[in-house]
2 protein chains.
Amino acid sequence: MKTRGEYSSMKPGSISNTCEVMSIWEVLDKRWALLILKNLSTKEVIRFTELKKTLSGISSTVLAERLLELQRKGLVTKKIYPEIPPKVEYALTIRAKELEVILKELARWANRWKSTGTSKTMTTIAVRKKPS
Amino acid sequence: MKTRGEYSSMKPGSISNTCEVMSIWEVLDKRWALLILKNLSTKEVIRFTELKKTLSGISSTVLAERLLELQRKGLVTKKIYPEIPPKVEYALTIRAKELEVILKELARWANRWKSTGTSKTMTTIAVRKKPS
DNA sequence: CGGTATCCTAGCTGATACTG
DNA sequence: CAGTATCAGCTAGGATACCG
């Protein structure tokens, strides 16, 4: 793995910014994270390649990276079957089940959306009253 | 603005991939998008700089870019007061209000989270039965 | 199958400058 | 204030190749 930067970008002067606390948003805000969680919630367990297929466009590099991050945050579990060919099952943790509900709502909202063309661009210019 | 790439990355061979349909996830999945929406929902209207301050780390370039994308998707409205200095107010559209509810749940979940250290890394290795 | 290593491009930030 | 423009520098993600 590389994972060198990790978004931090702290100034050279700042002292030991070993701030591990950071919110869960740090991982949720990354690309694919929500979609992964959402698709993870469609089945009890899911395998790497299966998950990859549902996420059209993701690279295995990033999928593996995200799954690790989610795992570290305690949202995903990983079960390895030491066989050849390998078999790995990913699943949501209990704590992620709460999130699951929310995600499903979000997914339904996203589906319900669909319509209304891409460029509405609602911009209003407030007119000033003329000085009478 | 530049906005050249737009994530598409289609091969030079592919024919006229003018696929405008794409789901709302296309914009929601981008960095900062959810956070912007979330913070937008804390007030009825909010100004650019004010919003920027709540999003620690974002650059004005990207904030402007995201707001435009959200606007195009019909989630955000923009109201310009032609004054000097300029004043611009951003707000959620009615359609985004549904999303707002979900986002608030998500935010509460994220806050409720907080605890349990960063590296639990629940990985299970399934053991094989020995051939008796 | 489920990754990791490598290389290269796309995306984001920071700084600075400029405008209405 | 609310941007846009530009450039440097670093990070994130995609494609491909390879391995146990």
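Quantities reported herein were computed from a predicted structural model and do not represent experimental measurements. Naming: A, B, ... by sequence-line order, numbering from 1 per chain.
- At a threshold of 4.0 angstrom between heavy atoms, the contacts of Tyr90(A) are confined to the sugar-phosphate backbone, with no base atom among them.
- Put simply, Lys78(B) has a side-chain N or O that comes within less than 4.0 Å of OP1 or OP2 on dG3(D).
- One cannot find a donor-acceptor pair under 3.5 Å joining the base of dA2(D) and the side-chain atoms of Ser60(B).
- If you check every strand for non-hydrogen atoms under 4.0 Å, Lys52(B) touches nothing.
- Taking atom CG on Leu51(A) and atom P on dG2(C), their separation rounds to 10 Å, with Å as the unit.
- For the pair Leu63(B) CG and dG11(C) C1', the computed distance is 16 Å after rounding to whole Å.
- The interatomic distance linking Ile125(A) (CD1) with dG3(D) (C1') rounds to 13 Å, in whole Å.
- Phosphate proximity of dT11(D) to Arg31(B): absent, as no side-chain N or O sits under 4.0 Å from OP1 or OP2.
- One can place CD1 of Ile46(A) at 14 Å from C1' of dG2(C), the figure rounded to the nearest angstrom.
- Summarising the geometry, the separation between OH on Tyr81(B) and P on dG3(D) is reported as 13 Å, rounded to the nearest angstrom.
- Closest to the side chain of Trp32(A), out of dA15(D), dG13(D), dA2(D), is dG13(D).
- dA10(C) atom P lies 19 Å from atom CG of Asp29(B), rounded to whole Å.
- You'll find that the side chain of Glu65(A) is closest to dG13(D), out of dC1(D), dC1(C), dG13(D).
- Between Thr49(A) and dG2(C) there is a side-chain N or O to OP1 or OP2 distance below 4.0 Å.
- Atoms CG and CD1, on Asn39(A) and Ile46(A) in that order, are 6.5 Å from each other to the nearest 0.5 Å.
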For Leu99(B) and Leu92(B), what are the C-alpha separation, side-chain angles and deciding distance, and is it a side-chain contact (heavy atoms from CB on, under 4.5 Å)?
-> CA-CA 10 Å; Leu99(B) 183 57; Leu92(B) 294 178; over 6 Å; no
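- Residues Trp109(A) and Arg95(B) approach most closely at NE1-O, 3.6 Å, considering heavy atoms.
- Nucleotides of DNA chain D nearest to Arg66(A) and Pro86(A) differ in position, and the one nearer the 5' end is that of Arg66(A).
- Here the shortest heavy-atom pairing between Glu44(A) and Ala91(A) reads O-CB, 3.3 Å.
- Positionally, the nearest nucleotide of DNA chain D for Arg47(B) lies more toward the 5' end than for the other of Arg47(B) and Ile58(A).
- Atom CD in Glu89(B) sits about 10 Å away from atom P in dA2(D), given to the nearest Å.
- Glu26(B) places a side-chain heavy atom less than 4.5 Å from the side chain of Lys73(B).
- Across the protein-nucleic acid pair, Lys79(A) atom NZ and dG2(C) atom P stand 15 Å apart, rounded to whole Å.
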